[in-house]
Number of protein chains: 4
Amino acid sequence: MGIKDRRKREGVIIRKKIIEAATELFAQAGYENVSMRKIAAKIEYSPPTLYIYFKNKREILFELLKQGYALFYEAIKSTYDQNKDKDFRNKMLETLRSYVKFGDENKEYYKLMFIHNIDETEQVIGRDNDRYRGFEVLVMLVKEGIADGVINRSDPILLSQSIWAGLHGITALLNTFDKFPWVEKERIIDFHLNMIINGVSNKK
Amino acid sequence: MGIKDRRKREGVIIRKKIIEAATELFAQAGYENVSMRKIAAKIEYSPPTLYIYFKNKREILFELLKQGYALFYEAIKSTYDQNKDKDFRNKMLETLRSYVKFGDENKEYYKLMFIHNIDETEQVIGRDNDRYRGFEVLVMLVKEGIADGVINRSDPILLSQSIWAGLHGITALLNTFDKFPWVEKERIIDFHLNMIINGVSNKK
Amino acid sequence: MGIKDRRKREGVIIRKKIIEAATELFAQAGYENVSMRKIAAKIEYSPPTLYIYFKNKREILFELLKQGYALFYEAIKSTYDQNKDKDFRNKMLETLRSYVKFGDENKEYYKLMFIHNIDETEQVIGRDNDRYRGFEVLVMLVKEGIADGVINRSDPILLSQSIWAGLHGITALLNTFDKFPWVEKERIIDFHLNMIINGVSNKK
Amino acid sequence: MGIKDRRKREGVIIRKKIIEAATELFAQAGYENVSMRKIAAKIEYSPPTLYIYFKNKREILFELLKQGYALFYEAIKSTYDQNKDKDFRNKMLETLRSYVKFGDENKEYYKLMFIHNIDETEQVIGRDNDRYRGFEVLVMLVKEGIADGVINRSDPILLSQSIWAGLHGITALLNTFDKFPWVEKERIIDFHLNMIINGVSNKK
DNA sequence: AATGAATGAGGCTTCATTCAT
DNA sequence: TATGAATGAAGCCTCATTCAT
């Protein structure tokens with residue numbers, strides 16, 4: 001391996017360190033309240049060093065979001081795949097649950113990706129990203145459900161949007177209102193997911 | 001009317017102008033990104049003037065939130081009251097709709113009250129406010145529904161939290177993702193509300 | 001008594017209140033750290049009211065100093081007069097003590113008059129004031145002492161300046177270094193005054 | 001010399017320039033009346049640059065005081081050492097003179113260290129500093145004088161405090177009242193120092 | 001006599017970013 | 001690659017003061 005490659009690899013490592021530090025700080029204090037200095041301090045480099053790896057603060061956010069979207073899509077898709085052969089209701093339940101779980105386990109990412117709408121976030125979109133690919137999995141799932149006779153025969157897009165709203169609602173509230181006296185977390189999530197599925201299902 | 005009264009009233013008007021300007025700016029750009037300078041510029045006063053009417057930036061936010069909570073509660077409670085005598089499902093539908101409608105018609109308030117969670121917001125609570133009184137209306141409604149036999153016999157708190165999550169989901173997404181290709185707004189809202197009610201109802 | 005007189009008298013009262021409030025605040029926090037607002041708040045008037053009675057902040061200081069100088073001179077002169085008939089050493093001791101006592105009992109005034117040298121304080125001088133009239137008492141005393149054979153035959157001005165320095169030293173240090181581990185206050189003062197007198201006296 | 005060293009040295013130079021500018025300004029106008037802007041202007045840098053070298057305004061004062069205390073102690077101690085072998089009265093005279101001389105030649109430092117008592121100054125103490133080590137030299141001297149039979153047999157602490165007050169008096173007055181019609185400076189200082197020594201000496 | 005309203009100037013400080021090394 | 005040095009812009013906020021009423 002040449003010297004060039006080693007350097008490149010080191011560069012990648014530092015980029016990663018920056019992203020990690022930024023993710024943590026952004027989540028704790030909010031994008032606006034985190035300065036380049038603070039990110040630099042956290043990784044024990046000087047502020048100008050960040051500019052070697054990222055054009056500016058926004059680019060750090062963008063990269064971070066891109067990675068977040070990828071993780072997000074991966075989480076949902078793999079759950080869907082792993083439950084491919086279960087009966088539909090369970091497959092759906094687990095896939096929806098993976099959405100909420102992602103938000104719960106990656107509060108920082110979820111906040112930045114789906115709750116806050118940072119100024120120019122839209123600009124990341126269009127650049128190839130996985131932001132809405134999770135939604136496509138949902139549409140697919142819904143279509144299966146209709147074919148299966150479980151989900152009621154409506155516009156799959158409409159259904160998917162409604163379901164997404166249901167998922168986002170619980171995920172966002174648990175994230176944002178962490179001091180609200182929720183009933184036990186597993187219980188409210190489970191109840192809510194079933195409520196959603198019931199809400200879109202044919203009555204027996 | 002004495003001179004004193006006129007002056008006082010003028011003061012009240014400026015306070016109102018400040019709140020309005022701040023509401024708009026905070027919602028657009030986020031609390032952290034709005035400076036006193038910017039608020040002052042928007043109402044065409046000098047920055048120090050703001051400090052005549054509000055102790056500091058936080059107090060502007062507090063006042064704004066307080067007003068928002070009051071409007072919010074009023075919107076929901078009055079809808080509930082006006083539909084008191086309708087059959088339960090319609091009463092519920094209209095009350096839930098009033099939540100989404102409030103969020104849709106007061107995007108800035110909704111964002112500040114329920115989407116962003118500004119650090120200091122928690123401090124407003126405790127000071128008498130209407131933040132969670134809307135939730136109490138919901139609990140009441142749910143209990144009626146259970147008594148009525150429409151809503152399934154579960155923990156009313158659990159049910160209410162789930163419904164709230166459902167409502168917040170659609171309200172927040174429409175607010176935040178205004179560039180997403182939603183199906184027609186009235187349609188998705190209507191569908192979603194019915195989905196929620198179905199989701200918590202006894203099957204016939 | 002006419003209405004005009006009453007008003008005038010009321011004006012005098014408010015002026016006095018302002019001076020009192022200012023004296024206290026200046027002494028506590030230093031001239032620079034006291035704002036017109038704070039003075040106004042202390043007497044429960046609005047800031048512009050102060051400008052009815054004083055041209056500006058400096059004028060408040062000047063007035064205050066003028067009063068301080070008067071009190072100072074009065075304290076020393078009256079002590080001198082009251083001890084006119086005692087033997088010289090005691091007369092001197094008591095007069096010198098009255099200087100230190102004034103500084104101890106009027107810390108705020110002493111600080112403003114003799115320790116800090118606020119910007120334009122010099123401007124107060126020239127306006128008739130009692131700043132240096134205390135010094136004249138001292139010169140008089142010294143001359144008496146020389147005539148009396150107690151104080152050594154030197155330039156009375158030189159002697160007086162040296163004595164003043166001695167007095168200022170203890171007064172200022174006790175005022176400024178209130179956390180220094182002084183021996184008991186009465187004791188150090190008494191010792192110091194005797195030291196001064198011995199220092200300028202003929203040896204027996 | 002490496003690049004790093006040169007940079008470091010340049011940094012040290014700027015720190016020094018800041019301290020010098022601040023010393024002059026603080027002494028002239030008082031700590032409270034000197035703004036970071038003004039210090040920056042004096043050294044022809046932008047205000048934020050100061051924050052590269054000092055955390056905040058207070059730290060500039062602290063550093064400055066620390067240096068002043070060191071210079072002060074050094075001045076007195078070295079004089080004492082240099083006169084170790086002279087007869088006691090001369091040793092004492094020269095040591096006391098070095099105090100006054102320090103104050104005369106370092107008016108700004110003396111003002112900041114012993115005349116003004118800036119709120120936060122107390123906080124520098126405790127951090128290792130030389131503020132009161134000069135006083136210890138004085139105590140030592142006094143004890144020698146007692147042993148020597150020159151100084152009268154009193155509490156050495158009491159004696160030292162009284163002498164300090166004497167020294168501070170002349171130093172502070174000459175510093176603060178530079179427009180007062182003093183007799184010739186050398187003369188008043190010399191007279192005053194002898195007055196102090198006589199004041200604490202045994203009569204022959 | 002008294003004060004609500006208003007502001008230009010300026011206080012301390014942090015920011016994102018650039019540049020030379 | 002890495003960073004010391006530097007800064008224009010801007011953050012929140014307080015000040016002394018004026019003016020119309």
Side-chain angles (χ1 to χ4, degrees), chain A residues 3 6-8 10-11 14 32-40 44-60, chain B residues 2-11 13-14 32-40 44-58 60, chain C residues 6-8 10-11 14 32-40 44-60, chain D residues 2-14 32-40 44-58 60:
Chain A
I3 217 178
R6 190 163 68 246
R7 283 207 179 149
K8 202 174 189 180
E10 278 162 11
I14 298 189
E32 320 296 349
N33 294 314
V34 175
S35 67
M36 293 298 264
R37 270 159 140 81
K38 282 175 193 157
I39 298 172
E44 300 189 291
Y45 278 86
S46 71
T49 300
L50 303 186
Y51 289 87
I52 295 169
Y53 299 96
F54 294 93
K55 207 180 133 209
N56 53 34
K57 194 179 165 189
R58 256 173 54 195
E59 288 293 327
I60 297 179
Chain B
I3 235 181
K4 232 171 172 175
D5 287 330
R6 189 162 68 245
R7 281 195 179 171
K8 206 176 195 175
R9 222 194 28 197
E10 278 162 14
I13 290 172
I14 298 187
E32 319 289 355
N33 293 311
V34 175
S35 67
M36 293 300 263
R37 270 141 133 99
K38 282 176 194 158
I39 299 173
E44 301 189 287
Y45 278 86
S46 71
T49 299
L50 303 186
Y51 291 87
I52 296 171
Y53 300 96
F54 294 92
K55 210 178 130 213
N56 52 36
K57 195 180 163 188
R58 257 175 57 188
I60 297 180
Chain C
R6 189 161 71 244
R7 281 206 180 150
K8 203 173 189 179
E10 279 162 10
I14 298 189
E32 321 297 349
N33 295 313
V34 174
S35 67
M36 293 297 265
R37 270 161 141 81
K38 282 175 193 158
I39 299 172
E44 299 188 292
Y45 278 85
S46 71
T49 300
L50 303 187
Y51 290 87
I52 294 167
Y53 299 95
F54 294 93
K55 206 180 134 211
N56 53 33
K57 194 181 165 187
R58 258 173 54 193
E59 288 293 328
I60 297 179
Chain D
I3 237 181
K4 234 174 171 173
D5 286 329
R6 189 162 69 244
R7 281 196 179 171
K8 206 177 197 174
R9 223 193 29 196
E10 277 162 13
V12 170
I13 290 171
I14 298 187
E32 319 289 354
N33 291 312
V34 175
S35 66
M36 293 299 263
R37 268 141 134 100
K38 282 177 192 157
I39 299 173
E44 300 189 288
Y45 278 86
S46 71
T49 299
L50 303 187
Y51 290 88
I52 296 171
Y53 300 96
F54 295 93
K55 211 179 129 210
N56 53 34
K57 193 180 164 187
R58 257 174 56 188
I60 297 180

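These figures come from a predicted structure and were not determined experimentally. The sequence lines fix the lettering, A, B, ..., with proteins before strands; numbering per chain opens at 1.
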[X] [atom1] to [N] [atom2]: how many Å, rounded?
X	N	atom1	atom2	value
Glu32(D)	dT14(F)	CD	P	16 Å
Asn56(B)	dT14(F)	CG	P	8 Å
Asn33(D)	dC15(F)	CG	C1'	12 Å
Ile14(A)	dT3(F)	CD1	P	9 Å
Met36(D)	dA6(F)	CE	C1'	15 Å
Lys57(A)	dT14(E)	NZ	P	15 Å
Arg58(D)	dC12(E)	CZ	P	14 Å
Ile13(B)	dA6(E)	CD1	C1'	16 Å

> With a non-hydrogen cut-off below 4.0 angstrom, is Ser35(B) in contact with a base, only sugar-phosphate, or nothing?
Replying inline: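 Answer is sugar-phosphate: Ser35(B) comes under 4.0 Å of backbone atoms only.
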
>> Need one value for Lys38(B): base, sugar-phosphate or nothing, where a base atom within 4.0 Å counts as base even if backbone is also close, heavy atoms only.
In response: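 Sugar-phosphate, backbone atoms only, no base.
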
>> What's the closest nucleotide to the side chain of Tyr45(A) if the choices are dA6(E), dC13(F), dT3(F)?
In response: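 For the Tyr45(A) side chain, the nearest candidate turns out to be dT3(F).
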
>> Strictly below 4.0 Å: does Arg37(D) bring a side-chain N or O up to OP1 or OP2 of dC12(E)?
In response: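 Arg37(D) to dC12(E) OP1/OP2: no side-chain N or O under 4.0 Å.
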
>> Let's see if you get this right: which residues in residues 47-54 of chain D place a heavy atom under 4.0 Å from DNA chain F?
In response: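 Listed by number, they are Pro48(D), Thr49(D), Ile52(D), Tyr53(D).
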
Look up atom [atom1] in [X] and atom [atom2] in [Y], then write down how far apart they are to the nearest 0.5 Å.
X	Y	atom1	atom2	value
Met36(D)	Ile39(D)	CE	CD1	5.5 Å
Thr49(D)	Ile14(D)	OG1	CD1	7.5 Å
Leu50(D)	Arg37(D)	CG	CZ	12.0 Å

>> As a check on the pairing definition, encode DNA chain E in dot-bracket form, counting Watson-Crick and G-U wobble pairs whose two distances are under 3.5 Å, and using | for partners outside this strand.
In response: .||||||||||||||||||||

Which atom pair, heavy atoms only, marks the closest approach of [X] to [Y]?
X	Y	value
Lys57(C)	Glu32(C)	NZ-O, 4.1 Å
Ser46(C)	Ala40(C)	C-CB, 3.8 Å
Asn56(A)	Tyr51(A)	CA-CE2, 4.0 Å

>> Using side chain to side chain contact (heavy atoms under 4.5 Å, CB included), reason through Lys38(A) and Asn33(A) one step at a time and then give a plain yes or no.
In response: CA-CA 10 Å; Lys38(A) 282 175 193 157; Asn33(A) 294 314; 5.6 Å; no

> Quick one: on DNA chain F, does Lys55(B) or Glu44(D) contact a more 5' nucleotide (nearest heavy atom)?
Replying inline: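 Between the two, 5'-proximity favours Glu44(D).
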
